[in-house]
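Scroll down for the structure; my scribbles are underneath it.
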Amino acid sequence: MSTPHPAAEPQPAALDASRPAASRGPDAAKVRAAVRGGTLAYFVDQFDIYLPIVVLAPATIYFQAANLSASTTALLSSLVFASTLIGRPLGAVIFGHFADTVGRKRTTLVAVGGFGTITLATACLPGHETIGVWSVGLLIALRFVDGIFLGGEYTTAVPLAMEWSPRHKRGLYASIITSTSPGAYVMIAALTLLLLQLLPAQGLHSAYVQWGWRVPFVVGALLAAVLFRYYLKQVHEPPSELTGERHKVPFVRLLAKYPKALGQVFVLMTGTWLATNMEAAVTPAQLASHLHLSSKQVTLTMLVINAAAALSYPVFGLLSQRIGRRRFYIGYGLSVVVIGAGSYSLLMVSRGGFGAALGWAVLIGVFTVGTFGPIAAYLTERFPASIRSTGYGVGYSLALIAPAFYQFYLQRLDGVLPAHLAPAVLIVLAGALISLGGFLGPETKDVDMSDDRTIPKLS
C-alpha cells in the first residue's frame with residue numbers, strides 16, 4: 001500500500017492557479033443546488049429501499065399464502081428486500097457507464113423516472129387471493145427492476161454533488177447527504193405508525209392489509225416526481241475539468257486499471273452492507289419474534305434506531321474530515337465489533353421489555369451503520385474523474401450481493417447459536433471487514449478530484 005509522496009503531490013495553491021476559472025471558483029448557487037439535489041436524491045432512494053421492510057411487514061399475508069411456515073414466510077420476505085439490493089450493482093454498471101460518457105444530470109433523470117414508475121406500479125399490485133403465487137413473484141420482480149434504476153440514481157447524483165463540493169467541506173456535505181438514509185427510514189416508520197393507528201391491520205381483509213400499505217408507495221412515487229423536476233430545473237452538470245476525459249468503456253477501464261482500489265472498496269462496503277442488513281432487516285424481525293413487541297412498538301424502536309443514526313452521521317463526517325477517512329474507518333469498524341454487536345446482544349437478552357429496547361436502540365443506531373457518514377465523499381475521492389460514477393456506483397453496489405443473502409447465513413448458524421443472538425456474529429464480521437477495508441485503503445480527504453494525478457492508488 002502506498003500513497004503519493006508529499007513532495008510529489010501538487011499543492012492546493014499551485015493547483016488552484018493552474019485550473020480554469022470555473023474550477024477555481026464554482027458558482028455558489030450551483031454548488032448549493034447540486035448538494036441539495038444529492039441530498040434529496042439519496043433521501044428518495046433510501047425511502048424507496050426501505051419501503052418493503054417497514055410498510056409490508058404488517059401486510060405479508062396479502063402477498064403470501066396463509067398456510068406457509070414461518071421460515072418460508074421469512075425467506076420470501078427477505079427475497080423481496082434482497083431482490084432490490086441485487087438489482088443495484090447491475091444498475092450501477094449501466095447508469096455509471098452513461099454518467100461517465102453522456103453526463104451526470106441526464107443519466108440521473110432517466111434513473112429517477114424509472115424507479116418512480118416502478119414504485120407506482122408496485123402500489124397497484126393485486127394480492128395472493130386474486131392471482132396466487134404470482135403476487136409475491138411480481139413483487140420480487142418489480143423490486144429487482146426497481147433496484148436497477150435505484151442503483152443508477154445514486155451512481156450519478158452523489159458524484160455530481162461531491163464534484164461540486166469544496167474540498168474542505170466534502171466530509172460534512174457527504175454526511176448531510178447520507179444522513180437522509182436513516183432519515184428516510186424514520187419518515188417511513190412514522191407514516192406506517194400513523195396508518196396502523198388509523199387503520200386496522202388484523203386479518204387478510206383488514207383495511208391496512210388490503211390498501212393501507214399502498215399509501216407509502218404512492219408517496220414514494222410522488223417524491224420521485226419532485227426529485228425529477230428539481231434535477232430538470234435546478235441542477236447543472238459539473239464543469240468538464242471535474243468529470244475528466246470521457247472513455248467509451250469506463251467499466252472496462254475500472255477493472256483494468258484500478259482493480260486493487262475496487263477490491264479494497266469491496267471489502268469495506270461488504271462490511272457496511274452486512275451491518276446495515278442486520279440493523280435494518282433482521283433487528284425488527286427479532287424485536288417481534290424474540291422480544292414479542294407489537295407492530296407499533298417494533299416500528300417505534302426502529303424509528304429511534306434510525307433517528308440516532310441520522311444524528312450521528314454529520315458528527316462522523318466532520319470527524320473523518322479532521323482525522324482522515326482511513327483512520328476513521330479503521331476505528332469505526334472496531335467500534336462496530338465491540339459496541340454495535342454488544343448492544344444488539346444485550347438488547348436480545350435484556351428483560352426490560354419495550355423500555356430497554358428504546359435504550360439500546362440508540363447505541364445500535366450509532367454503532368452499526370455509521371460507516372455511511374462520510375462514505376459519499378470517500379468513494380468519490382477514491383476513483384479518478386474519468387470513471388468516477390462507474391467506480392462509485394460499482395464499488396458501492398457490487399458489495400450488496402453477498403450480504404443480501406443474510407437469511408441463509410443466519411440459517412447456517414442454527415444449532416450453533418440461538419436465532420436471536422446469531423445476528424451479533426454477523427455484526428462482528430461486518431465490523432472486522434470495515435476496519436480491514438479502511439486499513440487497506442489510502443488517505444483521500446485532501447485529494448483534488450479534478451486531477452487524476454492526485455488520486456491515491458494502492459501499490
Side-chain angles (χ1 to χ4, degrees), residues 36-60 62-63 77 80-88 91 95 108-127 135-136 138-158 177-196 198-199 201 208-232 276 280-281 284 299 302-303 306 310 400:
R36 287 173 187 150
T39 303
L40 178 60
Y42 206 82
F43 174 84
V44 176
D45 171 289
Q46 297 299 295
F47 186 95
D48 199 289
I49 280 290
Y50 290 132
L51 275 175
I53 297 176
V54 182
V55 173
L56 294 185
T60 302
Y62 180 80
F63 293 97
S77 297
V80 173
F81 183 51
S83 62
T84 313
L85 302 184
I86 294 168
R88 285 163 79 103
F95 286 91
T108 300
L109 289 171
V110 174
V112 172
F115 78 71
T117 302
I118 296 297
T119 302
L120 185 60
T122 303
C124 302
L125 281 176
S135 180
V136 70
L138 284 173
L139 176 62
I140 292 172
L142 283 175
R143 293 303 296 176
F144 173 75
V145 177
D146 197 47
I148 294 176
F149 284 111
L150 288 169
E153 177 271 323
Y154 62 71
T155 294
T156 55
V158 174
I177 289 172
T178 55
S179 68
T180 61
S181 174
Y185 198 113
V186 168
M187 180 175 172
I188 295 172
L191 180 57
T192 303
L193 272 175
L194 176 62
L195 289 169
L196 290 172
L198 297 175
L199 304 173
Y208 184 89
V209 172
Q210 285 296 314
W211 62 268
W213 64 268
R214 304 177 194 273
V215 174
F217 280 85
V218 173
V219 171
L222 292 175
L223 287 172
V226 171
L227 177 62
F228 184 93
R229 187 179 187 282
Y230 183 86
Y231 265 84
L232 185 65
T276 300
T299 304
M302 294 306 298
L303 188 154
N306 285 278
L400 279 161

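None of the values given here were measured: they were computed from a predicted structure. Positions are given from 1 along the sequence.
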With sequence neighbours left out, the residues meeting side chain to side chain donor-acceptor pair (under 3.5 Å) with Y42 are Y396

For A59 against W213, the heavy-atom pair lying closest together
CB-CD1, 4.1 Å

Nearest heavy-atom neighbours spanning A157 and A41
CB-CB, 3.7 Å

Side chain of R214, backbone of A123: donor and acceptor closer than 3.5 Å?
yes

Spatial distance of atom OH (Y62) from atom CG (L139) [nearest 0.5 Å]
10.5 Å

Distance (rounded to the nearest 0.5 Å) between I49 CD1 and L85 CG:
5.5 Å

Identify the heavy atoms of L193 and L303 that sit nearest to each other, and give their distance.
CD1-CD1, 4.4 Å

Once rounded to the nearest 0.5 Å, what's the spacing between atom CG of L142 and atom CD1 of I118?
5.5 Å

The reported gap from OG in S83 to CG in D146 (rounded to nearest 0.5 angstrom) is 9.0 Å

Kindly list each side-chain donor-acceptor pair under 3.5 angstrom involving residues 216-231, sequence neighbours excluded, with atom names and distances?
unit_1: Y230; atom_1: OH; unit_2: A33; atom_2: O; d: 3.2
unit_1: Y231; atom_1: OH; unit_2: G37; atom_2: O; d: 3.2
unit_1: Y231; atom_1: OH; unit_2: G38; atom_2: N; d: 3.4

For T178, side chain to side chain donor-acceptor pair (under 3.5 Å) partners two or more places apart:
none

With sequence neighbours excluded, tell me which residues meet ring pair (Phe, Tyr, Trp, His ring centres under 6.0 Å) with Y50.
Y185

So which of L195, L199, V55 actually passes side-chain contact (heavy atoms from CB on, under 4.5 Å) with V215?
L195

Give the C-alpha distance, both sets of side-chain angles, the deciding distance and a yes or no for side-chain contact (heavy atoms from CB on, under 4.5 Å) between R88 and D45.
CA-CA 11 Å; R88 285 163 79 103; D45 171 289; 3.5 Å; yes

Suppose we screen for ring pair (Phe, Tyr, Trp, His ring centres under 6.0 Å). Which residues come up paired with F115, at least two apart in sequence or across chains?
none

Run the side-chain contact (heavy atoms from CB on, under 4.5 Å) test on V44 and V112 for me, step by step, so that the C-alpha distance in whole Å, both residues' side-chain angles and the decisive distance to 0.1 Å come before the verdict.
CA-CA 9 Å; V44 176; V112 172; over 6 Å; no

Quick one: list whatever passes side chain to side chain donor-acceptor pair (under 3.5 Å) with Y208, sequence neighbours left out.
none

Measure the spacing between CD1 of I140 and OG of S135 and express it to the nearest 0.5 Å.
10.0 Å

If the condition is side chain to side chain donor-acceptor pair (under 3.5 Å), which residues does T84 pass it with, not counting sequence neighbours?
R143

Who passes side chain to side chain contact (heavy atoms under 4.5 Å, CB included) against L138, sequence neighbours left out?
L125, I131

Roughly how far, to the nearest 0.5 Å, is CE of M302 from OG1 of T192?
12.0 Å

